[in-house]
Amino acid sequence: MIDFRKDFGIEDIRNRSDKPYSNIYGFIMYTSAHPYIIKVLRDEDFWNALDEISGKNWPIFAIRPLSKGYYGYPNFPPDTIGYMVPEWKEPNENKKYLDFFSLKNSEQLPCFIAFKFNNDETIEQVVYKLNNDSEEGAFDSLRTIVELITNTESQILPEYKQTDAVFNNVKMDIESYVLRKGVVTGVGKIFRIKEAISSLLSVQK
């Protein structure tokens with residue numbers, strides 16, 4: 001796992017000199033409103049455990065906490081009338097990360113983004129919602145997604161690890177896991193399945 005520093009930005013991911021063997025990357029995005037994700041990533045034992053699970057074939061990038069967004073009333077120009085309906089206020093400093101992954105706003109966080117680079121400089125990704133209910137829940141959700149991707153990546157033959165096969169299989173396995181989890185935890189509650197699907201934001205950029 002790689003912690004973003006001031007001299008290393010999101011645009012540098014593809015240009016890393018020590019590129020991974022497989023064309024699959026992980027990105028953990030969260031804000032200061034997610035204290036348990038913060039605690040897990042700052043804990044050396046948790047960090048090392050996740051690093052051990054992911055192995056050396058694919059890197060995971062963890063940014064510093066983004067600024068916390070909030071709901072506020074819109075600002076209307078003088079002498080204008082509008083509806084005072086609260087809207088999401090996104091800090092400007094968050095937008096370069098959100099825009100890179102085509103996320104609407106930080107209200108969708110915390111999340112783990114698995115993505116690959118296409119030949120035309122675009123990316124393809126699948127987004128997995130992380131748990132922030134407790135420190136144990138935060139670590140378990142991170143461990144689950146990292147183990148799932150690592151297990152999938154390890155089953156790809158060496159000659160196909162730089163192809164679309166890795167991401168395609170990872171995406172399929174994540175979607176399958178989310179649907180199974182929704183069905184198991186949502187007995188008698190169909191809306192659980194809908195929540196599971198909505199938590200999985202498959203975005204192509």
Side-chain angles (χ1 to χ4, degrees), residues 1-4 13 16 19-30 34 36-41 43 45-63 97 100-103 108-118 123-187 192-205:
M1 288 174 54
I2 301 164
D3 191 6
F4 267 26
I13 294 178
R16 283 166 50 83
K19 290 183 179 179
Y21 188 54
S22 295
N23 186 17
I24 187 75
Y25 301 77
F27 199 91
I28 303 170
M29 198 182 302
Y30 57 104
H34 306 119
Y36 298 115
I37 296 293
I38 293 173
K39 285 185 177 181
V40 167
L41 295 179
D43 186 288
D45 291 332
F46 283 143
W47 180 278
N48 290 338
L50 292 172
D51 191 51
E52 183 70 22
I53 294 170
S54 64
K56 298 180 179 180
N57 276 357
W58 66 286
I60 301 173
F61 299 90
I63 62 172
Y97 296 103
F100 186 84
F101 292 109
S102 299
L103 298 181
Q108 302 176 46
L109 308 183
C111 67
F112 186 102
I113 304 166
F115 67 101
K116 74 176 182 72
F117 288 105
N118 296 318
I123 66 170
E124 191 170 349
Q125 68 190 52
V126 59
V127 182
Y128 179 83
K129 183 72 173 178
L130 294 173
N131 183 297
N132 188 58
D133 293 338
S134 66
E135 189 171 3
E136 180 180 1
F139 177 71
D140 285 345
S141 65
L142 280 165
R143 178 175 56 189
T144 294
I145 187 64
V146 173
E147 284 181 341
L148 190 155
I149 295 173
T150 299
N151 290 339
T152 302
E153 188 276 337
S154 67
Q155 296 178 44
I156 304 296
L157 294 173
E159 58 266 33
Y160 298 113
K161 288 184 182 288
Q162 281 291 335
T163 70
D164 291 342
V166 181
F167 177 81
N168 291 340
N169 280 275
V170 164
K171 181 175 182 290
M172 181 176 61
D173 287 350
I174 292 175
E175 290 174 341
S176 177
Y177 172 78
V178 170
L179 288 175
R180 289 199 311 272
K181 180 182 177 183
V183 171
V184 170
T185 62
V187 177
R192 287 289 186 183
I193 300 177
K194 295 181 179 178
E195 288 178 355
I197 294 174
S198 65
S199 73
L200 186 68
L201 310 172
S202 299
V203 181
Q204 291 187 358
K205 184 177 179 183

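Source: prediction; values computed, not measured.
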Next on the checklist: Can you tell whether the side chains of E135 and K39 come within less than 4.0 Å, N to carboxylate O?
Outcome noted: no
Look up atom [atom1] in [X] and atom [atom2] in [Y], then write down how far apart they are to the nearest 0.5 Å.
X    : Y    : atom1 : atom2 : answer
L50  : D43  : CG    : CG    : 10.0 Å
Q125 : K171 : CD    : NZ    : 11.0 Å
F117 : I24  : CZ    : CD1   : 10.5 Å
N118 : F167 : CG    : CZ    : 8.5 Å
Y128 : I149 : OH    : CD1   : 10.0 Å
L130 : C111 : CG    : SG    : 6.5 Å

Which pair of non-hydrogen atoms, one from [X] and one from [Y], has the smallest distance, and what is that distance?
X    : Y    : result
W58  : V146 : CZ2-O, 3.8 Å
V166 : K161 : CG2-O, 3.4 Å
H34  : L109 : NE2-O, 3.2 Å
A165 : N169 : O-ND2, 2.6 Å
L142 : I145 : O-CG2, 3.2 Å
N131 : S141 : N-OG, 3.2 Å

Test your reading of the model: is there a side-chain donor-acceptor pair from [X] to the backbone of [Y], 3.5 Å cut-off?
X    : Y    : value
D51  : W47  : no
T150 : I53  : yes
N132 : I37  : yes
N23  : T163 : no
Y30  : I63  : yes

Next on the checklist: Aromatic contact between F46 and F139, with the criterion being ring centroids under 6.0 Å apart: yes or no?
Outcome noted: yes
Next on the checklist: Angle between ring planes, F27 versus F115, binned at 30° and 60°: parallel, tilted or perpendicular?
Outcome noted: perpendicular
Under 4.5 Å between any side-chain heavy atoms of [X] and [Y], yes or no?
X    : Y    : value
R143 : D140 : yes
I123 : F100 : yes
Y25  : I113 : no

Next on the checklist: Could you check whether N57 and S22, counting side-chain N and O atoms only, form a donor-acceptor pair closer than 3.5 Å?
Outcome noted: no
Checklist entry - Can you check side-chain contact (heavy atoms from CB on, under 4.5 Å) on L103 and M29, steps first, answer last? => result CA-CA 11 Å; L103 298 181; M29 198 182 302; 4.1 Å; yes
Next on the checklist: With a sphere of 6.0 Å drawn around CD of E147, does it hold more than 12 non-hydrogen atoms of other residues, nucleotides or ligands?
Outcome noted: yes
